[in-house]
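Notes to accompany the following structure.
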Amino acid sequence: GTLMKGKRGVIMGVANKNSIAWAIASACAAQGAELAFTYQGEALGKRVRPLAESVGSELVISCDVSDDDAINTTFDEIEKVWGKIDFVLHAIAFADKQYLRGRYIDTPRDAFLQAMDISCYSFVAVARRASAMMNPGGSFLSMTYLGAERVMPHYNVMGVAKAALEASVRYMAADLGRDDIRVNGISAGPIMTLAANGISDFRYILRWNQLNAPMERNVTLKDVGGSGMYLLSDLSSGVTGEIHHVDCGYHTVG
Ligand code: 0WD
């Protein structure tokens, strides 16, 4: 396809081929988008580089989003090569695994702040820097989960961080709308990725969703890839400040 021909975007948060970021990146590349990738740490860099090369990407940059200097340096580097960009995917979250179990109220201050910093504030910091080099018609997208809206077992501090992320999406959409830049989130159903592995009883959550979702199955990487491509492309040109559920309908019943 050619739906994203002529568009340039930055993909943040690929850890491996099962990452949601990679699914969305592949869908965008298949529609002709030109991509840059950022990753956290050299261990992941080794996994990301071949994936990036497979879609013809030459911009593959290390960026720890808890570091403002790293964010600025990364986008400076991209600006030097491309000048302008058209979209950014933020598919990054982190909370200390130790607190993705047990009682939410036992979350210590430092673990709370770290989850908020990496899972919510980083999207704001990225959008501030990246919007300064974004063409009109641009699009920002982040990833969230139903645990932002309701209590889900073990999601705990991440649910609170995702609630803040979803509110951020709405405020960011208000800030950037006049520049014809859109900001949205996808609330994905559970998918077995590296990050999901950190949540205890994740297999049980997958099974529960499969049994109870209207579509009687779990969402696939391909499902999320397609919806992500839509929100990053001009197909969704009138959509902003939206949290779009891609969960086989589970949010309507669960
Ligand atoms: O069921 C799921 N997998 C769902 C995931 C359902 C709904 C939402 N999501 C969200 C996640 O919360 C996250 O925001 O989707 C996003 C992508 O997650 P993923 O694809 O499930 O997970 P993964 O493939 O592990 O990629 C997330 C990556 C990290 O991987 P690990 O597992 O090593 O933490 O986020 C990156 C890292 O590569 N990351 C960072 N990148 C830059 N700077 C940082 C950081 N400080 N921290 C984590």
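As the structure lists them, so they are numbered: ligands from 1, and atoms in each ligand from 1. Since the model is a prediction, treat every value here as computed from it, not as a measurement.
The residue among Gln114, Met143, Met158 with a heavy atom at the shortest distance from atom 16 (C) of ligand 1 is Met143. In the candidate list Ala43, Ala93, Ala21, Ala93 is nearest to atom 13 (C) of ligand 1, counting heavy atoms. Here the shortest heavy-atom distance to atom 45 (C) of ligand 1, taken over Arg47, Gln40, Lys17, belongs to Gln40. Checking Val65, Asn18, Ile20 against atom 43 (N) of ligand 1, the nearest heavy atom belongs to Val65. When the heavy-atom distances from atom 14 (O) of ligand 1 to His90, Met12, Lys162, Met192 are ranked, the shortest goes to Lys162.
Gln40 places none of its side-chain heavy atoms less than 4.5 Å from the side chain of Cys63. Phe140 is not listed as a side-chain neighbour of Leu89, based on a closest heavy-atom distance of 4.5 Å or more. Annotation: side chain of Val224 is in contact with side chain of Met143 (closest heavy-atom distance under 4.5 Å). Side-chain atoms of Tyr39 and Val14, non-hydrogen and from C-beta on, never get closer than 4.5 Å to each other. For the pair Asn197 and Lys97, the minimum side-chain heavy-atom distance is 4.5 Å or more. Residues Phe37 and Val55 are in side-chain contact: their nearest non-hydrogen atoms beyond the backbone lie under 4.5 Å apart. Between Ser119 and Met158 there is a side-chain heavy-atom pair separated by less than 4.5 Å. A heavy-atom distance below 4.5 Å is not found between the side chains of Glu34 and Lys5.
When only non-hydrogen protein atoms are considered, atom 8 (C) of ligand 1 lies nearest to Thr144 O, 3.1 Å. Nearest protein heavy-atom contact of atom 35 (O) of ligand 1 is Ile92 CA, 3.7 Å. For atom 22 (O) of ligand 1, the closest non-hydrogen atom on the protein side is Ala195 CB, 3.2 Å. Protein heavy atom in closest approach to atom 21 (O) of ligand 1: Thr193 OG1, 2.4 Å. With hydrogens left out, the protein atom closest to atom 26 (O) of ligand 1 is Gly13 O, 3.4 Å, a heavy atom. Closest protein heavy atom to atom 29 (C) of ligand 1: Ala15 CB, 4.5 Å. Looking at atom 17 (C) of ligand 1, its nearest protein heavy atom turns out to be Ala91 O, 3.2 Å. Distance from atom 31 (P) of ligand 1 to its nearest protein heavy atom, with residue and atom name: Leu194 CD2, 4.2 Å.
Put simply, CZ on Arg150 and OH on Tyr155 are 14.0 Å apart, with the number rounded to the nearest 0.5 Å.
Contact analysis puts Gly189 in contact with ligand 1, with a non-hydrogen atom separation below 4.0 angstrom.
Under a 3.5 Å cut-off, the side chain of Asn218 and the backbone N or O of Leu206 do form a donor-acceptor pair. Looking at Asn184, its side chain never comes within 3.5 Å of a backbone N or O of Leu141 through a donor-acceptor pair. Side chain of Asp117 to backbone of Leu113: no donor-acceptor contact under 3.5 angstrom is found.
At a 3.5 angstrom cut-off on N or O pairs, Ala196 does not count as close to ligand 1. Geometrically, ligand 1 and Ile191 share a nitrogen or oxygen pair separated by less than 3.5 Å. Looking at Asp64 next to ligand 1, an N or O pair under 3.5 Å apart turns up. Note: no N/O pair closer than 3.5 Å links Tyr145 and ligand 1 by distance alone.
Close approach to Pro190 involves these atoms of ligand 1, each under 4.0 Å from a residue heavy atom: 1 (O). Close contacts of ligand 1 with Ala188, meaning ligand atoms under 4.0 Å from a residue heavy atom, involve 6 (C), 7 (C).
When heavy-atom distances to ligand 1 are checked against a 4.0 Å cut-off, Cys63 comes that close only through its backbone atoms N, CA, C and O. Contacts between Trp22 and ligand 1 below 4.0 angstrom, taking non-hydrogen atoms only, are absent altogether.
Contact check on Arg128 versus Asp68 returns no salt bridge, with no Lys/Arg side-chain nitrogen under 4.0 Å from an Asp/Glu carboxylate oxygen.
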